[in-house]
Amino acid sequence: MTRTARAFWLRSPGHGEIREVDLDEPGPGDVVVRTLCSGVSRGTETLVFRGGVPESQYSAMRAPFQDGEFPGPVKYGYLNVGLVEEGPAALRGRTVFSLYPHQTRYVVPASAVTPVPEGLPAPRAVLAGTVETAVNAAWDAAPLLGDRIAVVGAGMVGASVAAVLSRFPAVRVQLVDAEPARAEVARALGVDFALPGEAAGDLDLVVHASATEQGLARSLELLAPEGTVLELSWYGDRRIGLPLGEAFHSRRLTLRSSQVGTVSPARGARRSYGDRMALALELLADPAFDALVTGECGFEELPEVLPRLASGEIPGLCHRVRYNAESAVSSV
């Protein structure tokens, strides 16, 4: 019996298509998962779609279950929630999250999936990869009791970071974005909102996630002396300028990077990737995170929808992809 599924592939920068793919026969330690929904990571995934990954970063930017190579053809993505149809008894019938691309059905090692907690809706669980990034950023940032914090950039990652940091005791968190409509997202997450020119300053910590030169410069301006900017943005092949003259040295400011590819050194000795993902799924029990899903389409619509997401014609945060059982697989 040959198992087949349907997968979204980037044929070349700016051009996607649905392809039929053969599935490997599952081994004793594997699971067969039927996808229920997946999510488009607006920042990284649209950058990949535009062909913006620098050649020097081809290896670092590989997704865990990527097929093909940058700039294309490539099968890319990492926000997938599905139902385990075959595999170990403890997982059969369970809804799971995995870092798998947009594909109707797939075979992976059982260790590559994380069970979705009971009561957490599968459509919200597609945010687990983004909230995992926020968890890692919080470990890197290590805020203290009562800190004054801003998150600059209210995209998927920035909004998730603001939601996670707001759970620390006695902290003040402000979400900063140039788009006034993002105030509704901040309100849903229970954090304050400000436009860049109106943001409160004298801050202990700023997390930057706008992926813009202006956002990073403004982040430095908002710091109190000895403050820290934690940089989450990834700029692909773009070069940016940064005002490291002026008062950067006299105010003893710190600019640090954070990247989800490794568990934060602050927790790496005691937490695994699986622990970090499980924590992200636990945090998603809060229905406030539904505010991060701002669009939806069917799987078969992806070749038409992704160019519009990449161009900004379709605005918003996470774009969710729906699947149906009828198109999942055929066997011959």
Side-chain angles (χ1 to χ4, degrees), residues 8-18 37-54 57 61 63 70-72 74-79 101-102 126-127 129-130 133-134 151-162 175-189 193-197 199 207-219 231-241 289-322:
F8 175 79
W9 277 74
L10 175 64
R11 183 174 72 249
S12 61
H15 303 281
E17 62 187 12
I18 303 292
C37 49
S38 60
V40 177
S41 173
R42 293 291 299 247
T44 303
E45 204 165 337
T46 57
L47 186 147
V48 169
F49 187 81
R50 294 191 299 266
V53 180
Q57 296 300 303
M61 279 296 297
F70 300 120
V74 63
K75 183 177 74 176
Y76 193 86
Y78 47 82
L79 301 174
H102 309 285
V126 297
L127 296 166
T130 305
T133 300
V151 179
V152 176
M156 282 179 65
V157 171
S160 297
V161 170
L175 190 55
V176 179
D177 198 275
E179 175 53 61
R182 297 289 167 89
E184 294 185 16
V185 175
R187 189 177 304 112
L189 296 175
F193 177 83
L195 297 171
V207 179
H208 179 239
S210 81
T212 67
E213 182 176 302
Q214 297 87 347
L216 182 52
R218 184 61 177 144
S219 297
E231 175 61 282
L232 293 185
S233 299
W234 193 71
Y235 300 91
D237 56 1
R238 288 182 293 139
R239 291 183 177 272
I240 64 165
F289 283 100
D290 286 333
L292 302 187
V293 179
T294 55
E296 196 172 65
C297 71
F299 168 70
E300 301 290 343
E301 298 175 90
L302 267 178
E304 291 74 41
V305 168
L306 252 170
R308 298 170 64 199
L309 290 170
S311 69
E313 179 186 344
I314 299 178
L317 302 178
C318 179
H319 195 88
R320 189 164 54 211
V321 183
R322 304 183 309 272

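By convention here, the first residue in the shown sequence is residue 1.
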Participant: Given 3.5 Å as the limit, does a donor-acceptor pair link the side chain of R218 with the main chain of P196, or not?
Facilitator: yes
Participant: As a quick check of understanding, evaluate side chain to side chain contact (heavy atoms under 4.5 Å, CB included) for L79 and M156, giving each step before the final call.
Facilitator: CA-CA 12 Å; L79 301 174; M156 282 179 65; 4.2 Å; yes
Participant: Which residues satisfy the side chain to side chain donor-acceptor pair (under 3.5 Å) test with R308, sequence neighbours excluded?
Facilitator: E313
Participant: Run the side chain to side chain contact (heavy atoms under 4.5 Å, CB included) test on R322 and C37 for me, step by step, so that the C-alpha distance in whole Å, both residues' side-chain angles and the decisive distance to 0.1 Å come before the verdict.
Facilitator: CA-CA 5 Å; R322 304 183 309 272; C37 49; 5.8 Å; no
Participant: Which is it for L47 and Y235 under the side chain to side chain contact (heavy atoms under 4.5 Å, CB included) test, yes or no, and what are the steps along the way?
Facilitator: CA-CA 9 Å; L47 186 147; Y235 300 91; over 6 Å; no
Participant: Could you please spell out the steps behind the side chain to side chain contact (heavy atoms under 4.5 Å, CB included) verdict for V151 and V176?
Facilitator: CA-CA 6 Å; V151 179; V176 179; over 6 Å; no
Participant: With a 4.5 Å cut-off on side-chain heavy atoms, are V293 and L317 touching?
Facilitator: no
Participant: Hey, what do you get for OG (S38) to CG (L302), rounding to the nearest 0.5 Å?
Facilitator: 6.5 Å
Participant: Between CG of L292 and CZ of R42, what distance do you get to the nearest 0.5 Å?
Facilitator: 12.5 Å
Participant: List the atom of F299, the atom of H102, and the distance in Å for their closest heavy-atom pair.
Facilitator: CE1-O, 3.8 Å
Participant: Check T212 against H208 and note the closest heavy-atom contact, atom names and distance.
Facilitator: O-CE1, 3.5 Å
Participant: Nearest 0.5 Å please: distance from the CZ atom of R187 over to the CG atom of L175.
Facilitator: 12.0 Å
Participant: Does CD in E184 sit with more than 12 non-hydrogen atoms of other residues, nucleotides or ligands closer than 6.0 Å?
Facilitator: no
Participant: Ring centres of Y76 and F49 under 6.0 Å apart?
Facilitator: no
